[in-house]
Structure formats: structure tokens, C-alpha cells
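Just so we're clear, the structure is a prediction, and the values are computed from it rather than from any experiment.
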Amino acid sequence: MKFKYRFLAGLLTCSLSFTIFACPVPAEARRQTAAEKRAAEEAAAQKEAERQSYYNKSIDSNAIPNWPQGPQIYADAAIVMEASTGAILYNKDMDKAEYPASITKIMTALLTVENCSLDEVVTYSYYATHSIEYGSSSIGTTEGEELTVEESLYALLLESANECGNGLAEHIAGSVEAFADMMNQKAAELGCTNTHFVNPHGLNDENHYTTPHDMALITREAIKHEAFVTISGTDRYEMRATNKDDEITYMKNHHNMINNYKTDKFLDDTVIAGKTGATSDALNTLVTVAERNGMTLIVVTMRTHSTNEKGVPLYPDTQLLLDYATDNFSKVNIAANETNFSVDNSKFFHTGSSIFGSSQALIEVNPSGYVVLPNDVPFENASPTLDFQSEAENPDVVASLSYTYEGQPIGGTTIDLAKSAVQEFTFDKTSGDEASSSDATGNEDETLDSSKKRIVKINVKLVLIFSAVIAIVVLLLSFLRRYGRRVRLRRRPRSRRGRRRRRYSRHRRRR
């Protein structure tokens, strides 16, 4: 029996072999196959050449004097920004417009958390669920399906569901077009200079573009919202059954530094938020937010070719940039190091004058302000700029203090009215009588009368201006005194002997 089956198997094999060799592939088919192979090889060579050209591209921040030299990366454009200070630590063509792909959804999520409660219900329309490209990212939401805003955000940021971008846009603005207008308006408010959105999901459109710098500004605003950080930093999520689907929907974060989506070799527990993106036009885009050494680092890379590992964006770029920022920069508190505007300087900010009624400091440097400096650069090398603020901007802020190093903004803080200086102007709401300074000490949270605060603020400015005027006058008088003394010494002798010598020299010249 076994012999029979073996005989039949051998006979079938021989028949197939004879068929293959006896019926050769037509020449036209062979030429077509060879042409396709050459085209594939040429495309691969072109891709590698472009990838290498991106890698060899100059790093703009490396041209800054005394700035730590950043690494070469495969992204065409990139940035590293420290979120709390806005300091830009790494710049590779950061203002170049690129297609963003799905990192667009960071702006969509930002507008959502600003305009909605997480428990609001979003009912998905036919347009929202059917207007996206076939085969693009989706969780299969259908027309009439109801999801909460929170569930929609999880689908948007973890599974990159395009229909959820449409649904949230319609829920907030009434239409995708109106929502795009909101996106562009918000981008302008945040200081974006080369951004234009036409949809909430980032699918290809020639009029839909942004830059690494602008995306860093958008992300910086988004991470101010706890809901955004919580959702985008979640590795897995289970969505309940809905009115159209009686099964649980399981979601995974596509960011490989947050979740082992396709590999676990890029996992990083310092990464707290982020978003991936990929289209045929945009290639790979990636936004990553990490907390390291007291700094909140935002890394944006755009137009990155995939590595040989299929489907995995070039996460090593982001790893290199995070390590570069961590190893070369430090966050420095301004109030603890500032000497030019020290509130302990009795010649500058203190006064015992009865005009102010107190010998306490009138103003103080806000202790929450920081700068980011290269590790080997002392704080004294940072250049401060003082700008007075108007009463309408913030009644408690006297001036803003910003810093640069080698011409690069590195952070800043404010100079505020000192609580000890304005406590005497605190009023008791219940009695309407002016509280004593001792009572005010126990009631620091009492509302200050705006007119009194304005008086204190004006007095502070007068002290600063008066100090500057006195300094200028003293310098001018000193100069005039020295100049006048030199003139007197040269033109008029001080002693009788000098006068006699002068007359004698004149007499000799006449003879």
C-alpha cells in the first residue's frame, strides 16, 4: 500500500517537472519580470540614496558656538524641545514643511480636550465612517455607532483611527471643514508659522503640512492636559461593547517606545506620551515626549525612511536625540541662581523708606522659572532681558525675565509682587476694614484690592527707574569731574612757582 502511494507521488512529481521544462515561460513574460525586478532594484537604490542624503544633512544647532554637537539621524527634519522652558536643544531643518501623516491627531486631540468633556457621546455619521481611504487605520466604527469622547480619543491616539478623527471633528465643529479652520486658528495662536491643516486625521493632501518646530509647539500645549498625557501614554485599552458592536474592542498603542506593538527593543519607561504617523507621501513621522533629569523633552522627527525591519519607523533616531539631550543639558532654577536681579540686593529691590511702609522686598523672582543650559556652562553666562508688563496683562506680575545663550532662547520667568509687600493692602471681606499686616500673614489667600496692588506695582517701577536714573547721573557727574580736573591741570597752574615758570617761559619766547 505504501509502495503504491510512493509510486503515484513519484509519477506526479515527474509529470510536473516535465510540464515545467517542456513549456518554457514566454520571452515577453521573462522580459516583464526582469523589468519589474530592475524597477524594484532602482526604487530601492533611490530610497537608500535619499535616506543617506537625509543622514548626511547638516545639523543647524551644531553651528551654534559652544553648543553641544548633536548626532546625525536619518530623519529629513527634526527638533528636540524642552517643554517647560521652550528651549530648542536640537535643530535639523526644524522649520521645513513636511507632510505630518497621523501626528496631525495631536492637534485633533488638543482641540477635543479643550472643548469637550470625556463623557460626552459622539454619534458617528455616514460621512465620518465612509470618507476615509480604504485600508487606512480604523477600528471599524459604523454609521450611527455611539462612543464617548474618551473612547474616541483612545481609538484616535492608540489605534490611529481615522474615522474617530472625523467623528470628533463633526461633534465639536459641525463639519470636518469647520474643524480644520479651528485647527489652523489654534496653530496660529500657538505661534506656528508654516502649518496648514485640511483634515483631522492626516491622510495625504498637498495642502496639509506642518514642521517639526510647529508640531513641538502643538505637543507642548497638548501635554498641559492630563487627559492627553494619560491617553496617549497608555499601552493598551479595552473599549466596551457599543450600540452597534456587542464585543469588546482591544486597542494597542502603535508607539513602540510605549508599547511592544511590533517589537519590544525600543521600550522606554521615561516616555510618557507620543504619536506615530506613516503614509506613502509623509514616510514615517514620530512625536515622543519623555521625562528625564527633571526635563520634559519633546522629540519630533519627520520624513524618515523605514529601516530594514518592515513596518518599524526609525526609533533609533529618537533614542539618539533623547540621549543627546539628557547627556548634554541641565535644567537650572532661575530664582536660586540669579544675582543681577536678586531680591536680596538691598541696593536694588529693598527699601526702608516710609513711602512703602515696609523694609521687606517689594518684588520677588518667581521660583518656578527655569533655563536649560549645556552642562559645562555656568548660569552667569546666560544673558537676561527685562521687560515690564502692563497692568492689564497680569496685575501680580511686574516684569518678565527672559534668557538667551549664544543668541538662543533658553527659558525665563517673571518678577512678581512679593506677598509680604502687599499683605498690608489685604482687606477683610466680612468687615470691609483694612486688615493689619499680622492678620494678613494668616490670610495669604485673601483677594487684594486692585488699586492698592497697582500702587505697589507702580512704586516698584519707580524704584527701578529711579535707581537707573541715579546711576546714570552719578556716572555723568564722575565723568564731568574727571574731565574738568584734567582741563584745570593743563590750563591753570596751581602754585605761584608754576605761574612764575609760566611767565618766565613766555619772556624767553619773546626774546
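- The backbone N or O of Val332 sits nowhere less than 3.5 Å from a side-chain atom of Asn337 that would complete a donor-acceptor pair.
- Paired with Asp76 under the rule side chain to side chain donor-acceptor pair (under 3.5 Å), one option of Arg303, His305, Lys96, Lys92 passes, and it is Lys96.
- Across all non-hydrogen atoms, the minimal contact from Ala101 to Ala278 is CB-N, 3.5 Å.
- The closest side-chain heavy-atom distance from Leu89 to Ile79 is not below 4.5 Å.
- Gln46 and Glu50 share no donor-acceptor pair across their side chains, judged by distance under 3.5 Å alone.
- Under the side chain to side chain contact (heavy atoms under 4.5 Å, CB included) test applied with Phe179, the options Leu111, Asn184, Asn166 reduce to a single match, Leu111.
- Under a 3.5 Å cut-off, the side chain of Glu151 and the backbone N or O of Thr148 do form a donor-acceptor pair.
- In this model, no donor atom of one side chain and acceptor atom of the other lie less than 3.5 Å apart for Ser137 and Asn162.
- Val176 places a side-chain heavy atom less than 4.5 Å from the side chain of Pro200.
- Residues Thr112 and Glu114 have side chains that never bring a donor and an acceptor to within less than 3.5 angstrom of each other.
- Here the side chain of Asp93 pairs no donor or acceptor atom with the backbone of Ala77 at under 3.5 angstrom.
- The six-membered or imidazole ring of Tyr250 lies away from that of Tyr237, with a centre-to-centre distance of 6.0 Å or more.
- Contact between His196 and Val198 at its shortest, heavy atoms only, is CE1-CG1, 3.6 Å.
- Between the side chains of Asn375 and Ser330, a donor-acceptor pair is found at a separation under 3.5 Å.
- For the pair Lys252 and Tyr261, the cation-pi criterion (under 6.0 Å, within 45° of the ring axis) is not fulfilled.
- Taking the six-membered ring wherever Trp is involved, the centroid distance between the rings of Tyr90 and Trp67 does not fall below 6.0 Å.
- Taking the six-membered ring for Trp and the full ring otherwise, the centers of Tyr124 and His171 sit at least 6.0 Å from each other.
- Glu170 and Ser125 share a donor-acceptor pair across their side chains, judged by distance under 3.5 Å alone.
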request  = Just do the salt bridge (Lys or Arg N to Asp or Glu O under 4.0 Å) check on Asp323 and Arg292 with the steps written out, would you?
outcome  = CA-CA 9 Å; Asp323 291 342; Arg292 295 189 177 189; 2.8 Å; yes

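- Side-chain contact check for Phe379 versus Glu338: some heavy-atom pair is nearer than 4.5 Å.
- Inter-residue side-chain proximity for Leu158 and His254 is flagged as unmet; no heavy-atom pair is nearer than 4.5 Å.
- For the residue pair Thr129 / Glu163, no side-chain donor-acceptor distance below 3.5 Å is found, with atom types taken as modelled.
- Checked by atom type, the side-chain pair Thr104/His208 shows a donor-acceptor distance below 3.5 Å.
- Around CD of Glu189, the count of heavy atoms belonging to other residues, nucleotides or ligands within 6.0 Å exceeds 12.
- A donor-acceptor pair shorter than 3.5 Å can be found between the side chains of Ser160 and Ser102.
- Asn199 places a side-chain N or O within 3.5 Å of a backbone atom of Gly202 that can act as its donor or acceptor partner.
- Looking at heavy atoms from C-beta onward, Thr108 lies in side-chain contact with Met183 at the 4.5 angstrom threshold.
- For an aromatic pair to be called close, the ring centres must be under 6.0 Å apart, and Tyr99 with Tyr209 fails this.
- By the 4.5 Å heavy-atom criterion applied to side chains, Thr288 and Leu286 are counted as neighbours.
- Minimum interatomic distance between Leu156 and Cys164 (heavy atoms only, all atoms of both residues): CD1-C, 4.2 Å.
- The two residues Lys105 and Leu157 have their closest heavy-atom pair at O-CD2, 4.0 Å.
- Heavy-atom contacts from other residues, nucleotides or ligands closer than 6.0 Å to CD of Glu41 number more than 12.
- Residues Lys275 and Thr285 have side chains that never bring a donor and an acceptor to within less than 3.5 angstrom of each other.
- Across all non-hydrogen atoms, the minimal contact from Val113 to Ala227 is CG1-CB, 4.2 Å.
- Looking only at distances, a side-chain donor or acceptor of Asn253 sits under 3.5 Å from a matching main-chain atom of Ser232.
- Side chains of Ser61 and Asn91: a donor-acceptor N/O pair is absent below 3.5 angstrom, by distance only.
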message = Quick one, Ile106 with Met215, criterion side-chain contact (heavy atoms from CB on, under 4.5 Å). Give me CA distance, side-chain angles, the key distance, then yes/no.
response = CA-CA 9 Å; Ile106 295 177; Met215 276 309 309; 4.0 Å; yes

query = Stepwise, does the side-chain contact (heavy atoms from CB on, under 4.5 Å) test hold for Val289 with Thr219?
reply = CA-CA 8 Å; Val289 184; Thr219 305; 3.7 Å; yes

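- Annotation: ring pair (Phe, Tyr, Trp, His ring centres under 6.0 Å) contacts of Tyr55 (sequence neighbours excluded): Tyr74.
- Here the closest non-hydrogen pair linking Ile258 and Gly274 is CD1-N, 4.0 Å.
- Checking Asp281 against Thr279 by side-chain atom types alone, no donor-acceptor pair falls below 3.5 Å.
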